[in-house]
Amino acid sequence: MAEAATKRYVVVTGANKGIGLEICRQLASKEVVVVLTARDEKRGLEALHKLKESSGISDHVVFHQLDVADHASVSALADFIKTQFGKLDILYVSNDWAKGVLSDADNLTEERIDEVLQQYLKDY
C-alpha cells in the first residue's frame, strides 16, 4: 500500500456518459486513478472501454457498478476501494462558482468543464 500514499484515487458516480465521463477522462489524463461507476453494469463497461480505446489512459480507470440508492451496492464499492487502494480522495463540488458552471446546461461546454476541473486540480 506504499503506492497508495502517492497516488490519488477518485470515485466518479454516474460516469458512463456526459459530465461524469468527461470528468473521468480529465482526471485520468492527470494520472489520478478513477473508479468510473454506473448503475447499469453494461453501460459502465461500455464507457470504460470507450475511454480506454480513445484516450490511452487504461492504467488509470477502472469500473465498479454502483447504485447510490442501494446500501449493498454502496457497501460493495466501499469494500472494493478498501481492498484495492486502501484510501479514497473524494471529488466533490463544494463551491458555488463550480456548481453554477456545471448546472448551466445551456452553456455547458467541454471547455467550461475543463475550466472547473483545472481549478479543482489546482486547488487539490
Side-chain angles (χ1 to χ4, degrees):
M1 293 276 175
E3 184 179 331
T6 59
K7 284 194 173 188
R8 293 176 288 171
Y9 301 92
V10 174
V11 171
V12 179
T13 60
N16 60 296
K17 63 181 180 178
I19 293 171
L21 186 61
E22 185 59 26
I23 288 170
C24 289
R25 181 186 326 277
Q26 298 265 341
L27 289 171
S29 73
K30 303 292 185 195
E31 299 188 356
V32 175
V33 177
V34 177
V35 181
L36 180 157
T37 68
R39 281 189 307 250
D40 184 288
E41 185 170 0
K42 181 181 177 199
R43 289 181 182 167
L45 289 170
E46 287 171 355
L48 177 67
H49 183 71
K50 180 179 175 181
L51 279 179
K52 287 185 174 190
E53 277 189 341
S54 68
S55 304
I57 53 176
S58 61
D59 293 342
H60 295 97
V61 182
V62 297
F63 171 74
H64 197 282
Q65 189 278 334
L66 174 66
D67 180 348
V68 296
D70 177 13
H71 181 71
S73 180
V74 173
S75 292
L77 176 64
D79 290 342
F80 173 79
I81 296 297
K82 184 177 181 180
T83 58
Q84 294 297 310
F85 310 124
K87 71 171 192 160
L88 179 63
D89 304 299
I90 299 172
L91 170 63
Y92 62 92
V93 179
S94 61
N95 79 35
D96 291 333
W97 171 78
K99 284 180 185 176
V101 170
L102 295 176
S103 65
D104 184 7
D106 292 336
N107 295 306
L108 194 59
T109 63
E110 185 175 329
E111 290 79 19
R112 294 293 281 163
I113 294 169
D114 185 55
E115 183 180 352
V116 171
L117 288 171
Q118 293 305 316
Q119 185 61 46
Y120 168 77
L121 290 170
K122 180 181 168 191
D123 292 345
Y124 185 78

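All values derive from a computational prediction rather than experimental measurement.
Q65 approaches S73 most closely through the heavy-atom pair OE1-OG, 3.3 Å. Minimum heavy-atom separation, K87 to I81: O-CG2, 3.4 Å. Nearest heavy atom pair, residue V74 against residue D67, reads CG2-O, 3.9 Å.
The list of ring-ring contact (aromatic ring centres under 6.0 Å, His included) pairs with a residue in residues 21-63, not counting sequence neighbours, is empty. Within the structure, salt bridge (charged side-chain N to carboxylate O under 4.0 Å, His left out) contacts touching residues 12-26 (residues at least two apart or in different chains) are E22-R25.
Residue Q84 holds its CD atom at 11.0 Å from CG of L77, rounded to the nearest 0.5 Å. Separation of atoms CD1 (I57) and NZ (K30) is listed at 12.0 Å; rounding is to 0.5 Å. Here the straight-line distance linking atom CG of L48 with atom CD of E53 works out to 10.5 Å at 0.5 Å rounding.
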Check residues 34-45 and write down every donor-acceptor pair under 3.5 Å in which the side-chain atom is one partner and the other belongs to a residue at least two apart or another chain.
residue, atom, partner, partner atom, Å
T37, OG1, V12, O, 2.8
D40, OD1, K42, N, 3.0
D40, OD1, R43, N, 2.8

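Residues V32 and Y9 are not in side-chain contact: their nearest non-hydrogen atoms beyond the backbone lie 4.5 Å or more apart. Using a 4.5 Å heavy-atom cutoff, the side chains of V33 and V10 are not in contact.
Proximity of a side-chain donor or acceptor of K50 to a complementary backbone N or O of N16 within less than 3.5 Å is not detected.
Aromatic ring pairs are classed by plane angle as parallel below 30°, tilted from 30° to 60° and perpendicular above 60°; the pair H64 and F80 is tilted.
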